[in-house]
Amino acid sequence: MMEEADGKGRAASESEQVSLKDKGNEFFKAGNYLKAAALYTQAIKQDPSNPTLYSNRAAAFLHLVKLTKALADAETTITLNPNWEKGYFRKGCVLEAMERYDDSLVAFRIALEHNPQSSEVSRKIKKLTQLARDKKRVQEVENKRSNVDMAKHLETLKSELSEKYGDAELWKSMFSFTVETIETAIKSWHETSKVDARVYFLLDKEKTQTDKYAPVVNIDKAFESPHTHKSCFTFLRDYAEESFSKAACLVAPKSIISYPQVWKGQGSRKWKHGQSDGFFVQFESPSLQKLWFVPSSTEKGQLLCRDPEVLDIGVHELLPRIFKQKLPNP
């Protein structure tokens, strides 16, 4: 809304300036913000100390998305009349358009101090408070998506591996392998909203024939039926043994498993994780099995993987042991 000149202390000779402001207001109301800004500029040349003119021009510049100019005019309005709420209101609106929500809130709160009865300013504060909260949450989500750190969630696995395997180099390589596999899967989920059903093998650098055995095996058909499930398991068990693999991680999206697996006779009461989308990771080694479900949700329009949840592998294992069980050497 445009302000009218109060006329206090103005000489009659200023009628032309008032006329320029009034004409500017008419163009503003008609949506011709460029012409309005030009008329306010002419009026300012005649009366450069009139805060109303700068306030009006700030509003016109805001509509023209000339935000730097709009902010400068809002600041000038405040300088010329620091006790007038409109200058702070203009400043708040410009800062809102710049998505500087915290700064915008400061300006609106000062405006409210000068005019506590203003419902318009109160509505702005309520809106900006929510926008600032949402922006903060969006940034938090983005930080979580960008800074994936699985090691801190797998401390239990680290302890179990160190207890089972006396060879520190071996268990540390298994742990790093698992962390890297899960982090890669999470990044893929964030970027493409999917993971491929695969088994990743930690091959033996000295014994594995790398020209014959790859570190990754696709298992996208494994969960189509009991028959394909059994065939896949048989193949993987042979593959693990013949490739001299030290460990493996199976990654599979929940969507292809249709959990609970009907052929395992597990009723829906066994599944305690609702309808959340996500993927499974099953760690395999000759002396240890672990299973996690990584749930996913949509936060502020972005896919976000939640912290991995440990599952009872006796109930929810995706595949039977692919390594022949044996006790590690002390």
Side-chain angles (χ1 to χ4, degrees), residues 1-139 300:
M1 183 177 181
M2 299 296 98
E3 286 73 49
E4 302 297 329
D6 55 23
K8 292 180 180 179
R10 306 289 182 194
S13 61
E14 294 178 332
S15 59
E16 182 183 354
Q17 174 266 325
V18 174
S19 177
L20 286 171
K21 182 186 76 66
D22 290 341
K23 288 179 180 178
N25 289 352
E26 290 176 8
F27 278 105
F28 187 96
K29 291 173 183 176
N32 190 337
Y33 305 114
L34 188 62
K35 183 64 175 177
L39 287 164
Y40 295 141
T41 299
Q42 292 179 47
I44 287 170
K45 288 179 180 178
Q46 296 181 7
D47 187 6
S49 61
N50 188 335
T52 298
L53 297 175
Y54 289 97
S55 172
N56 288 5
R57 192 172 69 172
F61 281 147
L62 177 59
H63 280 282
L64 293 168
V65 200
K66 295 183 177 182
L67 302 183
T68 302
K69 290 184 176 181
L71 184 59
D73 276 355
E75 296 283 14
T76 301
T77 303
I78 293 169
T79 300
L80 292 173
N81 191 349
N83 295 317
W84 187 35
E85 117 243 0
K86 190 59 72 171
Y88 303 101
F89 180 81
R90 296 290 184 222
K91 182 177 179 179
C93 290
V94 177
L95 292 170
E96 177 187 359
M98 291 177 167
E99 297 186 0
R100 291 168 56 183
Y101 300 135
D102 290 337
D103 294 335
S104 179
L105 269 172
V106 171
F108 284 129
R109 284 171 178 151
I110 296 174
L112 194 64
E113 289 176 6
H114 289 288
N115 185 4
Q117 307 305 317
S118 174
S119 58
E120 185 178 23
V121 175
S122 295
R123 285 195 298 271
K124 280 288 190 181
I125 290 175
K126 183 177 180 181
K127 175 186 175 185
L128 264 294
T129 299
Q130 185 60 49
L131 283 173
R133 189 180 296 121
D134 289 346
K135 184 177 181 180
K136 181 179 180 182
R137 181 56 185 156
V138 167
Q139 188 59 54
K300 301 302 178 184

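- Partners of His63 under the side chain to side chain contact (heavy atoms under 4.5 Å, CB included) rule, at least two apart in sequence or in another chain, are Phe28, Tyr33.
- For the pair Arg90 (side chain) and Ala74 (backbone), a donor-acceptor distance under 3.5 Å is absent.
- Looking at every heavy atom in both residues, Ala37 comes nearest to Phe61 through CB-CE2, 4.1 Å.
- Here the closest heavy-atom approach between residue Ser122 and residue Leu112 is recorded as OG-CD1, 3.6 Å.
- Contact of the Ser55 side chain with the Trp84 side chain is registered, since non-hydrogen atoms from C-beta on lie closer than 4.5 Å.
- Interatomic distance, Asn81 CG to Thr76 OG1, rounded to the nearest 0.5 Å: 12.5 Å.
- Residues Asn83 and His114 share a closest heavy-atom pair of O-ND1, 3.4 Å.
- Annotation: salt bridge (charged side-chain N to carboxylate O under 4.0 Å, His left out) contacts of Glu26 (sequence neighbours excluded): none.
- Remark: Asn56 CG to Asn50 CG distance equals 8.5 Å, nearest 0.5 Å.
- Residues passing the side chain to side chain contact (heavy atoms under 4.5 Å, CB included) test with Lys45 are Thr41, sequence neighbours excluded.
- The two atoms that bring Leu80 and Pro48 nearest to each other are CD1-O, 4.1 Å, heavy atoms only.
- Looking at Tyr54, its side chain never comes within 3.5 Å of a backbone N or O of Ser49 through a donor-acceptor pair.
- A distance-only check finds a donor-acceptor pair linking the side chain of Tyr88 to the backbone of Pro82 [under 3.5 Å].
- Interatomic distance, Arg57 CZ to Thr77 OG1, rounded to the nearest 0.5 Å: 9.0 Å.
- Of all heavy-atom pairs spanning Ser104 and Gly92, the tightest one is OG-O, 2.7 Å.
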Please tabulate, one pair per line, all N/O donor-acceptor pairs under 3.5 Å involving side-chain atoms of residues 93-101, not counting sequence neighbours.
residue: Glu96; atom: OE1; partner: Lys124; partner atom: NZ; Å: 2.8
residue: Glu96; atom: OE2; partner: Lys127; partner atom: NZ; Å: 3.0
residue: Arg100; atom: NE; partner: Asp103; partner atom: OD2; Å: 3.2
residue: Arg100; atom: NH2; partner: Asp103; partner atom: OD2; Å: 3.1

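- Note: Ile44 CD1 to Leu39 CG = 11.0 Å, rounded to the nearest 0.5 Å.
- With sequence neighbours excluded, the residues forming a side chain to side chain contact (heavy atoms under 4.5 Å, CB included) with Arg123 are Ser119, Glu120, listed by chain and number.
- Across all their heavy atoms, Lys21 and Tyr40 have their closest contact at O-CE2, 3.7 Å.
- The structure places CG of Asn32 at 9.0 Å from CG of Leu64, a figure rounded to the nearest 0.5 Å.
- The environment of NZ in Lys135 is crowded: more than 12 heavy-atom neighbours from other residues, nucleotides or ligands sit within 6.0 Å.
- Taking Arg109 as the reference, nothing meets the salt bridge (charged side-chain N to carboxylate O under 4.0 Å, His left out) condition, with sequence neighbours excluded.
- Using a 4.5 Å cut-off on side-chain heavy atoms (C-beta onward), Leu105 and Ile125 make contact.
- For the atom pair OG1 of Thr129 and CG of Asp102, the computed distance is 9.5 Å after rounding to the nearest 0.5 Å.
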